[in-house]
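Data block below; observations after.
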Amino acid sequence: MDRGKMKGTAVALLALAVAASAPAQRPTVPRASTETLTNQLARGETLETRADGDLNGDGQIDTAFVGRGEDRRTLYVLMAYRNETDMGHDPAGQGALNAYPLGNADLKIVRGVLVVEDMTGGTTATSGTYRLRWNAAAKKMQLIGFDTTLYSRTWSHDGVETSWNLLTGVRTRRTLKLVSRDGPYTPGPLVTKKLPAKPVYIDRLPELDATQ
């Protein structure tokens, strides 16, 4: 055998050896089915919206979703799991949302953070954003940020805007001044306040107007 063929054979054998020694990739758990989600809903609830993504950094696709009933709405989280013999989705907590929203909630999973945008009210409305992140030690979704804006949809009064970092306890607040009856609002100066920075989990979500 000439040197060229010997070299080619050696390279091929080396590639086979590397491939054989490489650890097998763990299969991804399939995205939770609609049936899986509806089985978690309370009686009388229907599926309002969902978002899928990795919430705990294990590479599997977890799911957050909202169920709506006649006088209740619930935010649910399912965590995907895989072990030696099984795979599926386990409930990972739930929390109450406002029962009478102005439209469906908007859910997103961004870099491991669950972002929930919701709105309630009438001509005076409150829009809010919850930000939750998986707390591995507590094995719960923890609220890390909460922003709200109270405003008039008919430009009939001033508004107020707040942003609360629950990890540091810092909350900022400012008035939205109505200059004319045609809008828009003019933001006032930020007022900063330090609140107790204790953990708040998914089962204790604040109301949208809690920090006004």
Side-chain angles (χ1 to χ4, degrees), residues 31-32 37 40-41 45 47-68 72-80 89-121 125-151 159-176 185 187 190-212:
R31 192 180 85 138
L37 304 191
Q40 298 296 320
L41 299 176
E45 288 183 337
L47 183 61
E48 177 179 304
T49 188
R50 69 181 288 169
D52 303 280
D54 187 3
L55 287 169
N56 58 358
D58 66 353
Q60 304 292 348
I61 302 301
D62 311 305
T63 301
F65 58 105
V66 174
R68 182 191 294 195
R72 62 177 289 163
R73 284 168 77 230
T74 311
L75 173 66
Y76 298 89
V77 174
L78 291 179
M79 287 294 188
H89 300 84
D90 277 338
Q94 62 187 65
L97 297 176
N98 189 281
Y100 308 104
L102 293 173
N104 293 344
D106 182 29
L107 305 184
K108 296 186 291 288
I109 296 175
V110 183
R111 293 187 293 276
V113 175
L114 172 60
V115 181
V116 183
E117 297 179 351
D118 207 15
M119 184 182 298
T120 185
T126 302
S127 64
T129 301
Y130 302 91
R131 294 179 177 84
L132 300 105
R133 187 169 63 196
W134 179 248
N135 184 317
K139 295 184 178 180
K140 295 180 180 180
M141 294 295 293
Q142 181 178 350
L143 185 66
I144 62 172
F146 181 43
D147 305 330
T148 63
T149 303
L150 182 146
Y151 63 100
V160 60
E161 184 177 73
T162 66
S163 181
W164 185 12
N165 184 325
L166 280 86
L167 297 179
T168 64
V170 174
R171 187 200 71 179
T172 59
R173 182 180 187 275
R174 63 182 175 187
T175 300
L176 303 176
Y185 285 118
L190 284 174
V191 177
T192 301
K193 183 177 181 180
K194 187 72 178 289
L195 301 175
K198 59 182 180 180
V200 177
Y201 298 107
I202 190 172
D203 56 343
R204 292 289 185 270
L205 293 178
E207 293 286 342
L208 287 183
D209 60 354
T211 59
Q212 301 298 345

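Every heavy atom of this structure was used, including side-chain atoms; hydrogens, water molecules and symmetry mates were not. If you read the sequence from its start, that first residue is 1, and numbering goes on from there.
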With a 3.5 Å cut-off and sequence neighbours excluded, list the donor-acceptor pairs that the side chains of residues 95-104 form with protein atoms.
residue: Asn98; atom: OD1; partner: Tyr100; partner atom: N; Å: 2.8
residue: Asn98; atom: OD1; partner: Thr120; partner atom: OG1; Å: 3.1
residue: Asn104; atom: OD1; partner: Arg68; partner atom: NH2; Å: 3.1

For [X] and [Y], work out which heavy atoms get closest and say how close.
| X | Y | result |
| --- | --- | --- |
| Met141 | Leu114 | CE-CB, 4.1 Å |
| Tyr185 | Gly159 | CE2-N, 3.7 Å |
| Asp147 | Ser163 | OD1-OG, 2.7 Å |
| Asp54 | Gly59 | OD2-N, 2.8 Å |
| Asp52 | Ile109 | C-CD1, 3.6 Å |
| Ala32 | Thr63 | CB-OG1, 3.8 Å |

Quick one: pull up [atom1] in [X] and [atom2] in [Y] and give me the separation to the nearest 0.5 Å.
| X | Y | atom1 | atom2 | answer |
| --- | --- | --- | --- | --- |
| His89 | Ile61 | NE2 | CD1 | 8.5 Å |
| Leu132 | Leu75 | CG | CG | 7.0 Å |
| Thr148 | Met119 | OG1 | CE | 12.0 Å |
| Thr162 | Arg173 | OG1 | CZ | 8.0 Å |
| Leu143 | Arg204 | CG | CZ | 13.0 Å |
| Trp134 | Asp58 | CH2 | CG | 10.0 Å |

request  = Would you please test Met79 and Leu55 for side-chain contact (heavy atoms from CB on, under 4.5 Å) and show each step?
outcome  = CA-CA 8 Å; Met79 287 294 188; Leu55 287 169; 3.7 Å; yes
task = For the pair Tyr130 and Phe146, name the ring-plane relationship: parallel under 30°, tilted 30 to 60°, perpendicular over 60°.
result = parallel
message = Evaluate Asp90 against Leu78 for side-chain contact (heavy atoms from CB on, under 4.5 Å), listing each step before the verdict.
response = CA-CA 5 Å; Asp90 277 338; Leu78 291 179; over 6 Å; no
ask   = Between Val116 and Thr129, is a side-chain contact (heavy atoms from CB on, under 4.5 Å) present by the stated rule, with each step listed?
value = CA-CA 5 Å; Val116 183; Thr129 301; over 6 Å; no
Does [X] have any side-chain hydrogen bond (donor to acceptor under 3.5 Å, both in side chains) partners at least two apart in sequence or in another chain, and if so, which?
| X | value |
| --- | --- |
| Asn135 | Gln142 |
| Asp118 | Arg73 |
| Arg72 | Glu45, Thr74 |

Salt bridge (Lys or Arg N to Asp or Glu O under 4.0 Å) partners of Asp106, counting only residues at least two apart = Lys108
Could you list the donor-acceptor pairs under 3.5 angstrom formed between side-chain atoms of residues 191-199 and any protein atom two or more places apart in sequence or on another chain?
none

Sequence-distant partners of Ile144, side chain to side chain contact (heavy atoms under 4.5 Å, CB included), two or more places apart = Val113, Arg131, Arg133, Leu167
query = Is the backbone N or O of Ala105 less than 3.5 Å from a side-chain atom of Glu48, with the two atoms forming a donor-acceptor pair by type?
reply = yes
task = Verify, without hydrogens or angle tests, whether Asn165 (side chain) and Gly145 (backbone) share a donor-acceptor contact under 3.5 angstrom.
result = no
inquiry  = Contact between Thr126 and Thr149 at the side-chain level, heavy atoms closer than 4.5 Å - yes or no?
reply    = no
inquiry  = Could you check whether any side-chain heavy atom of Glu117 comes within less than 4.5 Å of a side-chain heavy atom of Ser127, counting everything from C-beta outward?
reply    = no
task = Using the side-chain contact (heavy atoms from CB on, under 4.5 Å) rule, take Val160 and Leu176 through it: C-alpha gap first, then chi angles, then the decisive distance, then the call.
result = CA-CA 5 Å; Val160 60; Leu176 303 176; 5.9 Å; no
remark   = Residues passing the ring-ring contact (aromatic ring centres under 6.0 Å, His included) test with Tyr76, sequence neighbours excluded, are Phe65
query = Does any pair with a residue in residues 101-121 pass ring-ring contact (aromatic ring centres under 6.0 Å, His included), and if so which ones, sequence neighbours excluded?
reply = none
